[in-house]
Amino acid sequence: MQNQEVESIEEVAAHLMSGLSAGTVEAYRRELRRWYAFMRRVRKGLRAFDGDAATRWAKTRSGKDRSTVFPLRCVELLQQLKPESVSPDFYIPRSHWKAATLRYRESVMSEDRIRALTEICIGDMESVTELTRETVLSFWVLLAIRTGMNIDSLRQLPRDCLTDEGDGAVLRWYKGRSTGSMSDFYPRGFWEPVEIIGRAQELASDPEYLWVVKGSKTRPYQGQSSALRAWCAAKGVAPFTLEEIRPAMATILFEKNGGNPMDVKNYLHHRNLSTTLLYLSENAVRPRVEQHWARALDKLARRCGLPDEGTVA
């Protein structure tokens, strides 16, 4: 790779890593260094780094953690910002999408589908009497819809994650890839976060962990893709992953509030708006974001008295 290409990748990498924890940043940095070495070995530049080369990289890192997709995300963002600098045939291999839980890049679940899942989960929780590998999924799906919480954080919720406050409660959780401790206030309501977690606390069998299901001992259940597939089959719904809920809800919220990213930022619990804008640009709402920005720029231009395009000053 040329020095100029490395500088471009480093620039977009810094943007993607904004607001992440020191440990995550270091993991991504290590993966970038491995990718630079790979690019030197295969003697590729960004203009020649196409989908086949990306697949080859993915295979060399098969079985590694999700940070292996980070260099490809950098190339993808650079492709959006500077199309002329990246091969037009570059894409992230589908196998890497799944490994990195990035299926939202292709499409997001519809509002009708989210509404149907909500009704199914509420129906389940009104009759559940114990936490099992099957019933816990209804809690997770509805809680992910209500809060927009990262599913890894949701799985790690301790039993004492709620603190009563006024007419609601403060929910506290841990997000390892961000600033660490997170919190948000939720009012009480019909199967809203406070009631969902309150019901789980009543059923929990461990004094420390919330999601210790029947048949396990002291560790919280981490979930299995096979269990979710079986859950979908039993409920008569198309298969999905828990990670798909967060981007779907962000997209729905963005469309409902007229393209205002601040509401989405709060819902996703992002520290920086730049992270939210990048998140939205990677979803199906990117055209709406661009329209929103274009209208804002037009409004600013009119306020500044700038001539319209094509007008002779």
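The shortest distance between side-chain heavy atoms of V212 and L131 does not fall below 4.5 Å. With contacts defined as side-chain heavy-atom distances shorter than 4.5 Å, the pair Y221/W140 qualifies. The side-chain heavy atoms of M249 and I114, taken from C-beta on, include a pair separated by under 4.5 Å. Within the 4.5 Å cutoff, side-chain heavy atoms of R34 are placed close to those of R61. Residues P187 and E192 form no side-chain contact, since every pair of their non-hydrogen atoms from C-beta on lies 4.5 Å or further apart.
A salt bridge is absent between R47 and E84: the closest approach of a Lys/Arg side-chain nitrogen to an acidic carboxylate oxygen does not fall below 4.0 angstrom. Using a 4.0 Å cut-off between a side-chain N of Lys or Arg and a carboxylate O of Asp or Glu, E26 and R29 do not qualify as a salt bridge. Ionic pairing of E195 and R199 is not present here: no N-O contact between side-chain nitrogen and carboxylate oxygen is shorter than 4.0 angstrom.
From L154, atom CG reaches atom CG of L143 across 4.5 Å, with rounding to the nearest 0.5 Å. Rounding to the nearest 0.5 Å places CE of M39 at 5.0 Å from CG of L46. With rounding to the nearest 0.5 Å, the separation of CG in D160 from OH in Y209 is 11.5 Å. For the atom pair Y267 OH and L253 CG, the distance stands at 7.5 Å (nearest 0.5 Å). Atom OG1 of T241 sits about 9.5 Å away from atom CD1 of I151, to the nearest 0.5 Å. Interatomic distance, H270 NE2 to M262 CE, rounded to the nearest 0.5 Å: 12.5 Å.
The two residues L242 and L228 come nearest to each other via the heavy atoms N-CD2, 3.8 Å. The two atoms that bring C232 and A238 nearest to each other are SG-O, 4.0 Å, heavy atoms only. Between K82 and S85 the shortest heavy-atom distance is O-OG, 2.7 Å. Considering all non-hydrogen atoms of both residues, P193 and T147 come closest at CG-CG2, 3.6 Å. Listed here is the closest heavy atom pair of D152 and N150: N-OD1, 2.8 Å. When all heavy atoms of R146 and Y186 are compared, the closest pair comes out as O-CE2, 4.5 Å.
Side-chain atoms of E134 never come within 3.5 Å of backbone atoms of A227 as a donor-acceptor pair (strictly under, hydrogens ignored). The backbone N or O of W173 lies less than 3.5 Å from no partner atom in the side chain of S153, so there is not a single donor-acceptor pair. Q201 contributes a side-chain N or O that, together with a main-chain N or O of R159, makes up a donor-acceptor pair within less than 3.5 Å. Between the side chain of T135 and the main chain of E130, a donor-acceptor pair closer than 3.5 Å is present. At distances below 3.5 Å, at least one donor-acceptor pair connects side-chain atoms of T251 with backbone N or O atoms of P247. Judged by distance alone, the side chain of R246 and the main-chain N or O of A144 form no donor-acceptor pair under 3.5 Å.
With sequence neighbours excluded, the residues forming a ring pair (Phe, Tyr, Trp, His ring centres under 6.0 Å) with F38 are W57, listed by chain and number. Scored by the ring pair (Phe, Tyr, Trp, His ring centres under 6.0 Å) test, F90 finds F49 as partners (sequence neighbours excluded).
Two different hydrophobic clusters hold L162 and V170 under the rule that ILVMFWY side chains link at heavy-atom gaps under 4.5 Å. Follow the hydrophobic side-chain contacts under 4.5 Å out from I122 and you reach I252 in the same cluster. Linking ILVMFWY side-chain heavy atoms closer than 4.5 Å, directly or via other members, places F185 and F190 in two distinct hydrophobic clusters.
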*Might you work through the side-chain contact (heavy atoms from CB on, under 4.5 Å) test for D184 and L171, ending with a clear yes or no?*
CA-CA 5 Å; D184 203 353; L171 172 61; 5.6 Å; no
*Under the salt bridge (charged side-chain N to carboxylate O under 4.0 Å, His left out) rule, what do R188 and D164 come out as? Steps first, then yes or no, please.*
CA-CA 10 Å; R188 300 184 186 279; D164 289 337; 2.9 Å; yes
*Can F139 and I197 be said to form a side-chain contact (heavy atoms from CB on, under 4.5 Å), step by step?*
CA-CA 8 Å; F139 283 85; I197 294 175; over 6 Å; no
_For a side-chain contact (heavy atoms from CB on, under 4.5 Å) check, start with the C-alpha distance between V141 and F240, then their side-chain angles and the critical distance, and finish with the verdict._
CA-CA 11 Å; V141 171; F240 66 96; 4.1 Å; yes
*Would you sort out whether T60 and W35 count as a side-chain contact (heavy atoms from CB on, under 4.5 Å), showing the intermediate values?*
CA-CA 10 Å; T60 66; W35 183 69; over 6 Å; no
*Intermediate values then yes/no, salt bridge (charged side-chain N to carboxylate O under 4.0 Å, His left out), E76 and R73*: CA-CA 5 Å; E76 182 185 56; R73 292 189 67 197; 5.5 Å; no
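Shown here is Q4, whose CD atom has no more than 12 heavy atoms of other residues, nucleotides or ligands within 6.0 Å.
Among pairs with a residue in residues 116-128, those fulfilling side chain to side chain donor-acceptor pair (under 3.5 Å) read D124-S138, D124-K235, at least two apart in sequence or across chains.
Side chain to side chain, R172 and T163 meet the donor-acceptor criterion of an N or O pair below 3.5 Å. No donor-acceptor contact under 3.5 angstrom links the side chains of E11 and S8, judged on distance only.
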